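First comes the structure, then the notes that go with it.
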2 protein chains.
Amino acid sequence: MTADDDIPRAPTLEDVARVAGVSRATVSRVVNDTRNVDRRIREVVQAAVAQTGYVPNQAARSLVTRRTGSVALVVSEAEHRSFDDPFLGRVFTDPFFGRVVSGIISVLRPRAVNLVLMLAETNDSRSQLIDYLRQGHVDGVLLISTHADDPLPSMLIESGLPTVLSRRPSTPIPISYVDVAQHVGAGLAADRLAERGCQQVATISGPMDMPASQDRLNGFREAMARHGHAFVPSVEGNFTQDSGEQAMRELLDRYPDIDGLFAANDLMAQGALLALHDRGIAVPGRVAVVGFDDSSAATASRPPLTTVRQPIEDMAAAMADLLLAHIDERQPRVTSRIFEPTLVVRDSA
Amino acid sequence: MTADDDIPRAPTLEDVARVAGVSRATVSRVVNDTRNVDRRIREVVQAAVAQTGYVPNQAARSLVTRRTGSVALVVSEAEHRSFDDPFLGRVFTDPFFGRVVSGIISVLRPRAVNLVLMLAETNDSRSQLIDYLRQGHVDGVLLISTHADDPLPSMLIESGLPTVLSRRPSTPIPISYVDVAQHVGAGLAADRLAERGCQQVATISGPMDMPASQDRLNGFREAMARHGHAFVPSVEGNFTQDSGEQAMRELLDRYPDIDGLFAANDLMAQGALLALHDRGIAVPGRVAVVGFDDSSAATASRPPLTTVRQPIEDMAAAMADLLLAHIDERQPRVTSRIFEPTLVVRDSA
DNA sequence: TTGAAAGCGCTAACAC
DNA sequence: GTGTTAGCGCTTTCAA
């Protein structure tokens, strides 16, 4: 027994052609479902494919077509993190993420395009990532970037790879993106709190280096101002439950009379609920709470959260659509698609 | 202006060789860091690479090396799900998942191996997946399979692709896997509850078509029996918080005197806590609760959970190690690695 | 409608 | 230590 016996070569087009008694070109046409192949020959070839167990070699195919049939989903996060750091936990644990993937897959799968998940949480991994992408592993990139001064969007533009962002970039650069009307969403939360007659409203914002956080904070303050509330104190969180809990405590210490809260996402709202609960403050009795996202955290918390819903799946699907379009065009036009949020009323406000 | 001007060809080895005034082979040697290249020539070539902005074409490289430098992380789930179904949400939301990815990346990244995330939640997507894998997109696969009669493990064996499972397969087949000593973990929970003097202990199990669920249930019952408790009622959940909440209600209705609970994972324990809270039952005062996983849910819940910790990151890293080893060997030996769980004591028991 | 043949860009013998 | 050369398996003109 020799090594050659143990590792049989996978069948190639050539093998199938030999079995079917036709040329490689014809087999290729059948496999790729090109028209202009005689029905009878097609059938013979298909039988030969089945018999040999032929599967096309993707590398060979990409080499000539210059297409891989895959796109990357890149999740990028600020430097200064390590593996011990809960970065990955935070990203994947965020109920947000599953819905994004779900929306993307729903448009990719029918078109037989695959999703490659890539993470970039250090500068090292970021340049490694760019190298990987430039090597032609994927046809395009969907980028979820979680902080403002992320160099990745610009790097991707430079690389020439079709790219779509999940949010408006923090600085104006020529790149397509999908977003929700953040101001409008924050306004919805403000209106709800004002309607309930809240007099002392505060907010827990997201990290202020993210455009989404800025927009939600500004949008909320502007809307409260329209309701006559000139001053809305805020504490900055980082979108985790822990940070929400801590921020709520801080707010309570400084403004004991708070009777309304807007948290920039559901996870922080959930944390706030915990802090409120620990101090024996009734929700919505003494403090009304509104979240943002309508994630699974909204229904899991006690009481269930009134929250601003963004159509995450639809937005993610739009990202994928946009990317696929960009890949097919030669000179894609930079495009934005903005979705409208809605208010979902539950028990917390 | 012609189309040719707009889409300049990416530089190839040939281009670099011309600029550096050497042969393609030499450039290849430099790029791949092969020894036996004169220091001075190496520098000239590196300069040429920088000047041309050369990046190796992965397809061409794979075609000859028969290596892709990527491995797949496949998450497989039972049929009968659709996109509206929270499958994706469930998988990614599970705090467990982020830690798995984190552990895997920690060994893949230093070896410059990439992770391709793939989902298989319908039979269609399962065969599509196998096709994709057989096309040589990846060098091996890490499989996280969430139900018993999953055909994927066998399909993968058949495909000849190096594969490592995250759990012992439900039927004995020749495939490598990593697991935690489930019996031991469940025994730890039982010991804790028995030590506290619980007299009427119940358990919420995972889906009974999963070996892990079976092992935890059996292990728990055996250990309780050793403490003299002949009968331990159980209700089946599906590892979600909701199912835990519901199961707890059911248990309470049928056995009002319950004073100890073992939930087969933290998420269900958290749900149980909610149900207990809703009925005004104090934890751990009237009912002591032990979870399993030591996920972030354990610290997020009120009270924080006493729970069985599995070293998820280490286990995931071991999976990646094992897979890389399999990829390097020609005839890998089927291997198992079992990790020891520990008890983490917090407030709930 | 089918076949012949020319590469796609790279690595790896094998010479020199 | 370096260059020459033969493919890897596939798609795609171009002829027939």
Side-chain angles (χ1 to χ4, degrees), chain A residues 3-4 7-46 48-49 52-70 131-132 134-137 139, chain B residues 3-4 7-46 48-49 52-70 131-132 134-137 139:
Chain A
D4 289 1
I7 307 174
R9 223 176 74 295
T12 69
L13 262 196
E14 187 71 49
D15 300 323
V16 180
R18 199 176 316 111
V19 171
V22 297
S23 71
R24 292 207 313 268
T26 299
V27 179
S28 174
R29 291 188 186 105
V30 172
V31 169
N32 292 301
D33 210 28
T34 312
R35 68 214 136 270
N36 298 341
V37 178
D38 185 272
R39 254 232 341 247
R40 306 189 43 197
I41 296 207
R42 176 188 307 279
E43 280 163 13
V44 172
V45 171
Q46 283 165 339
V49 166
T52 53
Y54 170 76
V55 180
N57 177 314
Q58 180 57 33
R61 187 177 263 179
S62 300
L63 186 54
V64 33
T65 60
R66 294 165 178 294
R67 278 293 179 79
T68 67
S70 305
D131 280 350
Y132 175 83
R134 291 194 56 205
Q135 291 183 5
H137 273 102
D139 300 329
Chain B
D4 287 2
I7 307 173
R9 222 175 76 294
T12 69
L13 262 196
E14 187 71 50
D15 300 324
V16 180
R18 201 178 312 113
V19 171
V22 298
S23 71
R24 292 206 313 266
T26 299
V27 179
S28 175
R29 290 188 185 105
V30 172
V31 170
N32 292 301
D33 211 29
T34 312
R35 66 213 139 273
N36 297 343
V37 178
D38 186 90
R39 254 240 333 257
R40 306 188 43 197
I41 295 207
R42 176 188 306 280
E43 280 162 14
V44 173
V45 171
Q46 282 165 339
V49 166
T52 53
Y54 170 76
V55 180
N57 178 314
Q58 181 58 34
R61 187 177 265 178
S62 299
L63 186 55
V64 34
T65 60
R66 295 165 174 293
R67 278 294 179 78
T68 66
S70 306
D131 281 349
Y132 175 84
R134 292 195 55 204
Q135 291 183 5
H137 274 102
D139 301 329

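As the structure is a prediction and not an experimental result, all values here were calculated from the model. Side chains included, hydrogens not; waters and symmetry mates left out as well; all remaining heavy atoms used. Chain identifiers are assigned alphabetically (A, B, ...) following the order of the sequence lines, protein sequences preceding nucleic acid strands; residue numbering begins at 1 within each chain.
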Open item on the list: Which heavy atom of B:R40 sits nearest to which heavy atom of B:D38, and what is that distance?
Closed with: N-OD2, 2.9 Å
Open item on the list: Could you check whether any side-chain N or O of B:S62 sits under 3.5 Å from a backbone N or O of B:Q58, counting only pairs where one atom can act as donor and the other as acceptor?
Closed with: yes
Open item on the list: Quick one: does any side-chain atom of B:S28 pair with a main-chain N or O of B:R24 as donor and acceptor, under 3.5 Å?
Closed with: no
Open item on the list: Looking at every heavy atom in both A:A59 and B:L63, which two are closest together, and how far apart are they?
Closed with: CB-N, 3.8 Å
Task: Where B:V16 and B:V45 come nearest, the two heavy atoms and their spacing - done: CG1-O, 4.3 Å
Task: Presence of salt bridge, A:D131 and A:R134, under 4.0 angstrom - done: no
- [ ] Would you mind telling me which residue lines up with the more 5' stretch of DNA chain D, B:A60 or B:R39, judged by nearest nucleotide?
- [x] B:R39
Task: DNA chain D: 5'-most and 3'-most nucleotides touching chain B, 4.0 angstrom heavy-atom criterion - done: D:dG1 to D:dG9
- [ ] Go through the structure and list residues passing side chain to side chain donor-acceptor pair (under 3.5 Å) with B:S70, not counting sequence neighbours.
- [x] none
Open item on the list: For A:E14 and B:I41, find the nucleotide of DNA chain D closest to each by heavy atoms; which residue's nucleotide sits nearer the 5' end?
Closed with: B:I41
TODO: With DNA chain C as reference, determine whether B:A59 or B:R29 sits nearer its 5' end, using the nearest nucleotide of each.
DONE: B:A59
Task: chain B footprint on DNA chain C, 5' to 3' - any atom under 4.0 Å from a heavy atom - done: C:dG9 to C:dA13
Task: Under 3.5 Å: donor-acceptor pair, side chain of A:N32, backbone of A:T34 - done: no
Task: Sugar-phosphate only, base, or nothing, as touched by B:R66 at under 4.0 Å among non-hydrogen atoms - done: sugar-phosphate
